[in-house]
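The residues of the chain are indexed from 1 along the displayed sequence. Scope of the values below: all heavy atoms of this structure, side chains included, with no hydrogens, waters or symmetry mates.
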Amino acid sequence: MSNLRLGDYNRLRITKKVDFGLYLDGGPEGEILLPARYAPETYNIGDELDVFIYLDQNEMPVATTEKPFCKVGDFAYLEVAWVNEYGAFLNWGLMKDLFCPFREQKQRMEIGKKYIVHVHIDQDSYRIVASAKVERYMADPLDEQPDAPIYGYSSNTPVSILVWQKTDLGFKVIVDNRYPGLVYEKQVFKYIHTGDRMTAYIQNVRPDGKIDVMLQPAGRQQTLDFSDTLLQYLKDNNGKCDLGDKSDAEDIKRRFQVSKKTYKKAIGDLYKRHLIKITENGIELV
């Protein structure tokens with residue numbers, strides 16, 4: 001088999017059964033134990049299993065069929081389970097917690113609190129570790145090769161984001177598990193928090209490589225998407241909505257998480273399609 005991917009999913013062949021589990025072919029790494037509690041109910045020697053490989057208490061590779069919250073190379077929002085004199089240990093969904101040494105913390109981590117971290121293999125110890133100093137692990141768009149994802153980004157390209165932190169300008173986000181991005185405050189029409197994952201849309205990639213992100217698609221597509229949402233709202237609420245095109249922007253934002261501009265465009269779209277009528281008290285289905 002190819003080299004084992006530590007901190008990631010691997011497809012490994014069962015070589016033998018023992019009382020305490022199954023041994024899998026780890027190639028150059030030797031046999032890898034899959035403890036009995038994770039073994040499938042039925043199997044044959046020679047079958048291949050999809051397993052996650054990490055290090056046990058003795059720092060030896062071990063397999064599990066559990067699915068952790070993240071893997072090596074990921075940014076994640078994890079909770080501190082316990083702390084000792086060396087650092088913090090984060091719950092990442094496996095029996096053995098993920099270590100974040102003090103030197104990789106921006107501030108001393110506290111039990112029960114959650115932090116955005118990057119998961120990677122420490123080059124000195126070969127251990128899987130976390131770092132809260134996430135900036136150093138993001139790609140610099142200006143250093144990217146022509147086949148990098150950023151060169152496929154254009155306005156309205158859908159991307160996956162992880163909300164990182166609130167700033168005076170808006171929210172810093174991590175785009176496609178790779179790049180730093182920013183959602184401006186004026187683009188935020190719903191409640192978002194650190195650790196939220198969602199689909200967003202590229203607004204602009206600037207010459208300096210900085211990425212501006214929107215939470216909703218721009219232009220006609222946004223209007224069409226929200227028109228469908230508003231139409232369904234009317235169907236679910238006796239055909240009426242007390243918010244019209246002259247309603248307060250904050251009321252619209254609170255109820256629908258869109259701007260007043262988008263709301264008015266959707267009203268116009270539904271009206272032109274003869275699906276609603278505009279009244280003194282809002283809008284109604286025809």
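- For Asp251, the salt bridge (Lys or Arg N to Asp or Glu O under 4.0 Å) test picks out Arg254, with sequence neighbours left out.
- In terms of modelled atom types and a separation under 3.5 Å, the side chain of Lys172 and the main chain of Pro180 share no donor-acceptor contact.
- For Gln203, there are no side chain to side chain donor-acceptor pair (under 3.5 Å) partners at least two apart in sequence or on another chain.
- Partners of Phe89 by ring-ring contact (aromatic ring centres under 6.0 Å, His included), not counting sequence neighbours, listed by chain and number: Trp82, Phe99.
- With sequence neighbours excluded, the residues satisfying side chain to side chain donor-acceptor pair (under 3.5 Å) with Asp236 are Gln232.
- For the pair Gln105 (side chain) and Cys100 (backbone), a donor-acceptor distance under 3.5 Å is present.
- In this structure, the side chains of Asp47 and Ile14 come closer than 4.5 Å at one or more pairs of heavy atoms.
- For Glu185, the salt bridge (Lys or Arg N to Asp or Glu O under 4.0 Å) criterion is met by Lys166, not counting sequence neighbours.
- Look at Asp212 and Arg206 and you find a salt bridge, because one of the NZ, NE, NH1 or NH2 atoms lies within 4.0 Å of a carboxylate O, short of that distance.
- Ring orientation note: the planes of Phe226 and Tyr263 are tilted relative to one another, at an angle of 30° to 60°.
- Side chain of Asn238 to main chain of Lys240: no donor-acceptor pair is present (N/O by atom type, distance under 3.5 Å, no hydrogens or angles).
- For residues 34-45, the pairs satisfying side-chain hydrogen bond (donor to acceptor under 3.5 Å, both in side chains) are Tyr38-Glu66, with sequence neighbours left out.
- Counting only heavy atoms from C-beta outward, the side chains of Val129 and Glu104 never approach each other to under 4.5 Å.
- The side-chain contact (heavy atoms from CB on, under 4.5 Å) test with Phe52 singles out one residue from Thr65, Thr64, Val62, and that residue is Thr64.
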